[in-house]
Amino acid sequence: MIPSEARPLINDNAESEISLGVRFGERRHLLGVRARHRPVRAATPTPAREHAFLAIALAKTAQTSSVARMKQCGRIGFKWLPIVLASLVLCSGCSILPPFNKKLAGNRAFIDYWPSDPNRKELRLAVKDNIDMKGVVTTAGSGFFSQTHQPAEKDAACLAIARRRKVQIVGKTNMTEFAISPSGMNEYFGTPVNPLKRNLIPGGSSSGNAVALASGMADVAFGTDSAGSIRVPAACCGIVGLKTTFGLIPIQGVYPVEPKHLDTVGPIGKDIDHTVQGMDLLQEGFAAKYAAAKAAKPTAGSIRVGRLKLKSTDPKIDQAIDDALAKAGFQVVELDESLSDKFEQAKKDGTTVAAAGAWISDGRFEFALGVAARTKSVIQYGQINYTTGYRSALARRSAWQRTLSKVFEKVDLIALPTLQKTPPGMPLLNLRIGIMEAHLLQVQNTVAVNFAGNPALAIPVPMRHGKVPSSLQLIGPRLAEADLLNAGRLVEDAVKR
């Protein structure tokens, strides 16, 4: 049963509510996170808006029958995602021409930027704009929220240590709308520019964080990771990202995707040292835990790393991972092929749960004018997944967690690429219908970790004859953040030699 406050707010007798997708002037709570709206005067109807409204009304009827048919067919395979996403948006008749168009200046890393004092040499912290900061509007990367939300009344819980230590926060960073797209592309604020290569996607949803760090505008950032939203942009931009153990860092005051099973807050840094500093701002006493992990295993020779290989990985990517592990000097153990099959199933299940979470959290914006077509395609795909596969995927979660626990009885960490391919380029023709999202769902190796709740680290490693680095993902048992960062330190030192 979907919570009533999470259902799309559609009223057949109120055209203004359908076109806006939400009742303004009311204070609503969504899965424990307060949504703040200020009253908005209804726009004067225009022919374009009337046509859009008619398309929405027709699409609602057509889509309902489509979902009913898909329920009988089971979960949709990954290879059909581009067609499904494209057809959903084109049939919904929405947002081909978005009503808002606000491009940020420069590299578009920040939605709100407060340049640091050059005379202050302390840490510069960037905060993803789905994390509440008192007195600042939390846009969640949405022009719709930017236009309709009031400033946050208090900080998110994860900012408490940084505030107490008076860390200088240099801005709220750009992101994909509602944090539900892995590409990093944003139609309203503009897509952050990848400093490694301008024509590559920055990765999402924490795209602004990654670009701010890779371009030197911040030292560390707080991001969120529900299916890879810290590790994917870290991989695309050549920096370090840590997905924390589910439940370790409080998520109160963070705009949700799937808070019951997947959502986490974690640090992103330009290197391991800064990522450690970021983690110490999220968990009290983490610096001491990291020091203890370094003292316990100062060299890689005492760390057993299980190497997981997946069939669809680019051989050059696999070679880069193997080279980095060999240079560091880990005890590498080849993991059984049966684990690869279970990992792929967990990837599918995690994608199903994440997609369904996007609909549970954002379904009320499914037909809202001002929300990007790319976002709507993900929400509508999530509705299908909720109907066809959400419960059965969750039923397999415990078995996947037990599988990983057994693996960690034999090895300390698991190693595999963060992405199976090199970061894709920005599309020449941006149709805003989610085709890039469908591609990234296939090539990322991140969501299976979220599905289990374990921590994971993404760290750049060089590729032979490659112009951009690959990214090594290290997965640890629950609460192994210090051990992961210690292993990352050893990799970082080795590949720099």
Side-chain angles (χ1 to χ4, degrees), residues 230-231 234-235 239-245 248 266-267 269 271-280 283 285-310 313 317-337 339-340 342-343 401 403-418 445-446 448-449 452-463 469-497:
I230 283 175
R231 290 158 290 158
I239 58 173
V240 178
L242 177 65
K243 182 261 179 212
T244 56
T245 302
L248 177 63
D271 51 31
I272 289 291
D273 180 63
H274 284 92
T275 308
V276 170
Q277 293 181 59
M279 188 64 197
D280 194 51
Q283 184 185 22
F286 181 79
K289 294 181 180 180
Y290 176 66
K294 289 172 62 179
K297 296 185 177 180
T299 62
S302 60
I303 301 175
R304 299 165 300 166
V305 175
R307 178 69 168 93
L308 179 62
K309 292 192 175 180
L310 304 174
T313 304
I317 300 289
D318 265 338
Q319 187 64 60
I321 301 306
D322 291 335
D323 288 347
L325 296 175
K327 284 183 180 180
F330 294 110
Q331 299 178 42
V332 178
V333 178
E334 294 291 334
L335 296 177
D336 191 86
E337 188 174 329
L339 181 62
S340 300
K342 293 177 181 178
F343 188 93
Q401 291 172 327
T403 295
L404 284 184
S405 295
K406 289 180 180 178
V407 174
F408 288 125
E409 293 174 0
K410 301 176 182 179
V411 300
D412 299 305
L413 305 171
I414 297 172
L416 72 164
T418 307
N445 291 328
T446 54
V449 188
N454 289 49
L457 179 73
I459 179 172
V461 295
M463 273 208 318
S470 181
S471 179
L472 164 65
Q473 181 178 209
L474 295 172
I475 306 169
R478 287 183 59 83
L479 305 176
E481 284 79 3
D483 295 326
L484 285 169
L485 285 164
N486 179 47
R489 171 187 66 88
L490 296 168
V491 172
E492 186 175 80
D493 291 344
V495 299
K496 286 180 178 178
R497 290 198 294 265

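For the single chain, residues carry numbers from 1 onward in sequence order.
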Worked check of side chain to side chain contact (heavy atoms under 4.5 Å, CB included) between Val333 and Val305: CA-CA 6 Å; Val333 178; Val305 175; over 6 Å; no

Working for salt bridge (charged side-chain N to carboxylate O under 4.0 Å, His left out), residues Asp271 and Lys496: CA-CA 12 Å; Asp271 51 31; Lys496 286 180 178 178; 5.6 Å; no

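- In this structure, the separation between CD1 on Ile321 and OG1 on Thr313 is 9.0 Å, given to the nearest 0.5 Å.
- Nearest heavy atoms, Ala287 versus Asp280: N-OD1, 2.9 Å.
- A search for side-chain hydrogen bond (donor to acceptor under 3.5 Å, both in side chains) contacts involving Thr418 returns Ser471, not counting sequence neighbours.
- Here the CG atom belonging to Leu474 is positioned 10.0 Å from the CD1 atom belonging to Ile414, to the nearest 0.5 angstrom.
- Asn486 approaches Tyr290 most closely through the heavy-atom pair N-CE1, 3.6 Å.
- Annotation: side-chain hydrogen bond (donor to acceptor under 3.5 Å, both in side chains) contacts of Asn454 (sequence neighbours excluded): none.
- Summarising the geometry of Ala328 relative to Ala300, their closest heavy-atom pair is O-CB, 3.0 Å, with the distance given to 0.1 Å.
- Salt-bridge check for Arg489 with Asp273: failed, with every basic side-chain N at 4.0 Å or more from each acidic carboxylate O.
- Contact detail for Met463 and Ser470: the closest heavy-atom pair is CG-CB, 3.5 Å.
- Atom CE of Met279 is separated from atom CG of Leu457 by 11.5 Å, given to the nearest 0.5 angstrom.
- Residue pairs meeting the side chain to side chain donor-acceptor pair (under 3.5 Å) criterion with at least one member in residues 472-481, sequence neighbours excluded, are Arg231-Gln473, Thr245-Glu481.
- Pro267 approaches Thr244 most closely through the heavy-atom pair CD-CG2, 4.2 Å.
- With rounding to the nearest 0.5 Å, the separation of NZ in Lys410 from CG in Asp336 is 8.0 Å.
- Side-chain contact between Val407 and Leu335 is present, with heavy atoms from C-beta onward closer than 4.5 Å.
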Side chain to side chain contact (heavy atoms under 4.5 Å, CB included) between Val491 and Phe330, worked out: CA-CA 9 Å; Val491 172; Phe330 294 110; 3.5 Å; yes

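- Checked for salt-bridge contact, Asp483 and Lys289 miss the test: no charged N lies under 4.0 Å from a carboxylate O.
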Chi angles and distances behind the side chain to side chain contact (heavy atoms under 4.5 Å, CB included) call for Leu484, Lys243: CA-CA 10 Å; Leu484 285 169; Lys243 182 261 179 212; over 6 Å; no

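- For the side-chain hydrogen bond (donor to acceptor under 3.5 Å, both in side chains) test, residues two or more places apart in sequence or in another chain that qualify with Gln319 are Asp323.
- Applying the salt bridge (Lys or Arg N to Asp or Glu O under 4.0 Å) rule to Asp318 yields the partners Arg307; only residues at least two apart in sequence or on another chain are considered.
- A side-chain contact (heavy atoms from CB on, under 4.5 Å) with Ile459 is found for exactly one of Leu485, Val495, Thr275, Ile272, namely Ile272.
- No donor-acceptor distance shorter than 3.5 angstrom exists from the side chain of Asp412 to the backbone of Ile303, with no hydrogens or angles considered.
- Annotation for Phe343 and Leu308: closest pair CD1-CD2, 3.7 Å, computed over non-hydrogen atoms.
- In this structure, CG in Leu416 is found 11.5 Å from CD1 in Ile317, a value given to the nearest 0.5 Å.
- Note that CD of Gln331 and CG of Leu325 are 12.5 Å apart. Values are rounded to the nearest 0.5 Å.
- Other residues, nucleotides and ligands contribute more than 12 heavy atoms inside 6.0 Å of the NZ atom of Lys309.
- Counting only distance, with no hydrogens or angles, the side chain of Arg304 and the backbone of Val332 share no donor-acceptor pair below 3.5 Å.
- With sequence neighbours excluded, no residue satisfies salt bridge (Lys or Arg N to Asp or Glu O under 4.0 Å) with Lys294.
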